[in-house]
Protein chains: 2
Amino acid sequence: MDQDRTVQAEYLKALAHPTRIQILELLNEEGRCVSNIGEKLNLKQSNISQHLGILRSRGILSLRREGGHSIYCIRDTRALEILGLLRG
Amino acid sequence: MDQDRTVQAEYLKALAHPTRIQILELLNEEGRCVSNIGEKLNLKQSNISQHLGILRSRGILSLRREGGHSIYCIRDTRALEILGLLRG
DNA sequence: CATTTAAATCATTATATTCTAATAAATATA
DNA sequence: TATATTTATTAGAATATAATGATTTAAATG
């Protein structure tokens with residue numbers, strides 16, 4: 001089906017950005033909040049929030065609120081497998 | 001390294017298009033020339049040529065000339081593994 | 001050699017993506 | 001309740017991507 005390929009393309013597009021790849025590497029260690037990721041990557045808050053939103057909209061990340069923070073975690077581990085394939 | 005992530009992102013970007021995914025599915029069956037792919041996908045010649053160029057520029061496809069035709073083949077099978085992951 | 005065929009390249013237009021800065025919303029704390 | 005903190009959202013500008021049509025290049029064939 002062609003709709004499948006569109007969905008697959010959207011998924012890959014979500015992964016296809018250096019910052020989002022780095023976010024996935026960080027979240028592979030442990031769930032993190034936006035500001036924590038911001039410190040690690042040294043990027044603007046709004047930019048990180050947007051990248052997280054893109055990954056979440058594809059189901060790659062999940063979000064839970066904890067205290068005043070949004071904790072993001074990896075939900076779909078296929079993303080990690082794909083990145084692993086690209087490395088090894 | 002951040003340059004690695006940029007390369008990885010470029011690779012994923014090359015895969016992240018429905019037409020290019022379909023091209024990879026076709027070439028997984030057998031090597032094909034531009035016009036053959038054109039018949040299968042019913043798209044303009046220049047468009048297909050551009051998509052093939054993108055896949056080739058990332059090392060995903062290879063090209064050999066045969067008679068008057070350019071035969072494209074899959075060179076980097078990680079691309080197929082990634083698509084397999086997205087299906088399964 | 002002229003013509004046809006196959007493919008690549010180029011220019012243009014339309015659309016999408018990305019980043020920044022500003023603002024809004026939501027929650028925590030004094 | 002007022003203020004501070006954290007995150008999300010919005011708007012705008014810059015850049016990138018994609019499709020089309022026209023042109024060019026290269027090879028094959030008459």
Practice task
Evaluate the criterion side chain to side chain contact (heavy atoms under 4.5 Å, CB included) for residue pair A:Leu52 and A:Ile23; output intermediate values, then yes/no.
Solution key: CA-CA 8 Å; A:Leu52 289 168; A:Ile23 286 173; 3.8 Å; yes

Exercise for the section: Among the candidates C:dA8, C:dA7, C:dT17, find the nucleotide nearest to the side-chain atoms of A:Lys13. Expected result: C:dT17

Practice task
Let me know the distance between CZ of A:Arg5 and P of D:dA18, rounded to the nearest Å.
Solution key: 17 Å

Exercise for the section: Output the residues of residues 25-52 of chain A in contact with DNA chain C, where contact means a heavy atom of the residue under 4.0 Å from an atom of the strand; sort by number or write none. Expected result: A:Lys44, A:Ser46, A:Asn47, A:Gln50, A:His51

Completion exercise
Taking C:dT18, C:dA7, D:dA18 as options, the one with an atom nearest any side-chain atom of B:Ser70 is C:dA7

Exercise for the section: Verify the contact: side-chain N or O of A:Tyr72 to OP1 or OP2 of D:dA8, cut-off strictly under 4.0 Å; return yes or no. Expected result: yes

Handout entry: Phosphate-side-chain proximity, B:Arg65 and C:dA6, N/O vs OP1/OP2 below 4.0 Å
Key = no

Exercise for the section: Scan A:Gly67 against the nucleic acid and name what it touches under 4.0 Å (heavy atoms): base, sugar-phosphate only, or nothing. Expected result: sugar-phosphate

Practice task
Taking A:Arg20 for its side chain and A:Ala14 for its backbone only, find out whether a donor-acceptor pair lies under 3.5 Å.
Solution key: yes

Exercise for the section: Would you mind reading off the distance between A:Leu63 atom CG and C:dT27 atom P, rounded to a whole angstrom? Expected result: 12 Å

Practice task
Output yes when a side-chain donor or acceptor of B:Tyr11 lies under 3.5 Å from a complementary backbone atom of B:Ala79, and no otherwise.
Solution key: yes

Practice task
Please report, rounded to the nearest Å, how far the C1' atom of D:dT7 is from the CD1 atom of A:Ile54.
Solution key: 16 Å

Practice task
With heavy atoms under 4.0 Å as the rule, sort B:Arg56 into base, sugar-phosphate or nothing.
Solution key: nothing

Problem - Test: A:Glu10 and A:Lys13 ion pair at under 4.0 Å - result: yes

Practice task
Please check if the side chain of B:His69 supplies one atom and the backbone of B:Ile71 the other of a donor-acceptor pair under 3.5 Å.
Solution key: no

Completion exercise
For B:Leu61 and B:Arg75, the nearest pair of non-hydrogen atoms, with its separation, is C-CB, 3.9 Å

Practice task
Might you point out which heavy atoms bring A:Leu86 and B:Ile82 nearest each other, and give the distance in Å?
Solution key: CD2-CD1, 3.8 Å

Exercise for the section: Kindly say if A:His69 contacts the phosphate of D:dT7, meaning a side-chain N or O under 4.0 Å from OP1 or OP2. Expected result: yes

Exercise for the section: In whole angstrom, give the distance that lies between atom CG of B:Leu15 and atom C1' of D:dA18. Expected result: 17 Å

Practice task
Grab the CD-P distance between B:Glu10 and D:dA16 for me, whole Å please.
Solution key: 10 Å

